[in-house]
Amino acid sequence: MSFLTLDLNLLRVFDAVMTEQNLTRAAGHLAMTQPAVSNAIKRLRESLGDELLIRTAYGVKPTPRAEALWPSVRSALASLEAAVTPGTFDVSKAHATFRLAMADATAAFWLPSLMRSIEKDAPGVNVRMMPLTTREPRPMLLRGDIDLAVGFFPGVAAQLSYEIASPIRHERLYSGTYVAVMRRGHPLAKQELTLDNYCAANHLLVSFSGRAHGLVDEALAQLQRERRILLTVNQFFTAGRVVANSDLVTVLPKHLIASTGMSEALIFKDLPFQLPAVHLDMLWHERDARSPAHKWLRAHLEGMQTVAARTAPNTSPKPDTA
């Protein structure tokens with residue numbers, strides 16, 4: 001194959017198929033028919049001497065050659081797009097609707113700032129919140145059900161760190177710590193929180209799936225200990241209300257305690273065992289990576305790291321030291 005004879009339009013089709021991981025969605029993005037997209041990929045296969053994309057039950061899977069090729073193709077197309085369509089993005093004149101997915105406490109922590117920015121600077125931008133009921137939001141992004149997911153996605157972030165050809169992009173926004181949370185009048189409020197009295201208490205677990213097992217239980221199992229989970233809920237706000245009005249103990253990210261709306265009724269204590277840090281990650285699809293409006297939204301989110309670091313010590317209740 002000679003580069004001089006290669007139809008460069010085929011690379012644009014290749015980029016769209018790699019981005020969507022689906023021929024039908026790629027065809028819609030390119031305003032082409034699916035047979036035309038299939039024919040273009042066939043021609044590129046013949047030119048490069050590689051299968052490139054293998055059909056699966058859920059779309060297409062790239063070959064190692066396609067995975068190695070795509071970053072260079074994507075970078076080159078992005079440079080050409082920037083050169084051909086320079087211009088600046090005026091958020092005050094933009095019209096866009098963003099569909100976001102995040103847990104209730106994360107939304108309560110971040111949305112007020114976003115709404116102030118939209119009201120002030122982006123009157124044509126709307127936001128639609130979608131329910132987040134999983135630690136695996138990639139299917140929603142792949143289907144185009146949402147534009148952005150924000151939350152704690154440890155398994156996803158770990159995989160994306162080494163998956164070169166994934167169409168899902170991610171960025172870490174914030175890292176914090178877990179703490180034990182209880183009502184101010186709890187029997188343990190004025191005691192040192194030890195492993196023994198922690199395990200003896202009744203517990204509430206925030207679980208999107210309803211599964212009564214989490215990071216805390218894995219950590220306790222390593223110590224050959226366990227706890228009784230009396231209740232599981234799927235919202236941080238509900239967790240705050242229940243814990244503030246019972247003797248249940250829960251574990252929450254410290255920076256999200258204020259988002260429960262019950263911080264005045266709650267105290268937090270350091271856990272008597274080690275847990276990994278809790279990370280707030282932002283996930284989006286490659287199809288939106290170069291969208292000026294989407295870039296504006298991501299830039300606003302990136303500012304959360306500074307805001308969270310500045311406000312968390314003031315908005316989180318102080319540990320009870322009495």
- NE2 of His285 to CZ of Arg138, rounded to nearest 0.5 Å, is 11.5 Å
- Task: Mind running salt bridge (charged side-chain N to carboxylate O under 4.0 Å, His left out) on Arg74 and Asp15 for me, showing each step along the way?
- Result: CA-CA 6 Å; Arg74 187 175 65 239; Asp15 177 60; 5.8 Å; no
- Heavy-atom closest pair (Ala66 atom, Phe14 atom, distance to 0.1 Å) is O-CZ, 3.8 Å
- Determine whether more than 12 heavy atoms belonging to other residues, nucleotides or ligands lie under 6.0 Å from atom CZ of Arg45. yes
- Item | For Arg169 against Ser166, the heavy-atom pair lying closest together | NH1-O, 2.7 Å
- salt bridge (charged side-chain N to carboxylate O under 4.0 Å, His left out) between Asp288 and Arg298, worked out: CA-CA 11 Å; Asp288 297 314; Arg298 298 199 305 271; over 6 Å; no
- Task: Evaluate whether atom CD of Glu136 has more than 12 neighbouring non-hydrogen atoms of other residues, nucleotides or ligands under 6.0 angstrom away.
- Result: yes
- Without hydrogens or angle criteria, can the side chains of Ser92 and Asp121 be said to hold a donor-acceptor pair below 3.5 Å? no
- Ala219 and Gln274 have their tightest heavy-atom pair at CB-O, 3.9 Å
- Would you please indicate if the ring centroids of Phe109 and His255 are separated by under 6.0 Å? yes
- Query: How about Asn197: does its CG atom have over 12 heavy atoms from other parts shown lying under 6.0 Å from it?
  - Reply: yes
- Query: Taking the six-membered ring where the residue is Trp, are the ring centres of His279 and Phe153 under 6.0 Å apart?
  - Reply: no
- Message: Heavy-atom count check: over 12 atoms from other residues, nucleotides or ligands less than 6.0 Å from Arg241 CZ?
- Response: no
- Yes or no on side-chain contact (heavy atoms from CB on, under 4.5 Å) for Lys269 and Val179, after CA distance, side-chain angles and deciding distance? CA-CA 6 Å; Lys269 289 177 175 286; Val179 291; over 6 Å; no
- Message: Side chains of Thr24 and Gln34 only: does a donor on one sit below 3.5 Å from an acceptor on the other?
- Response: yes
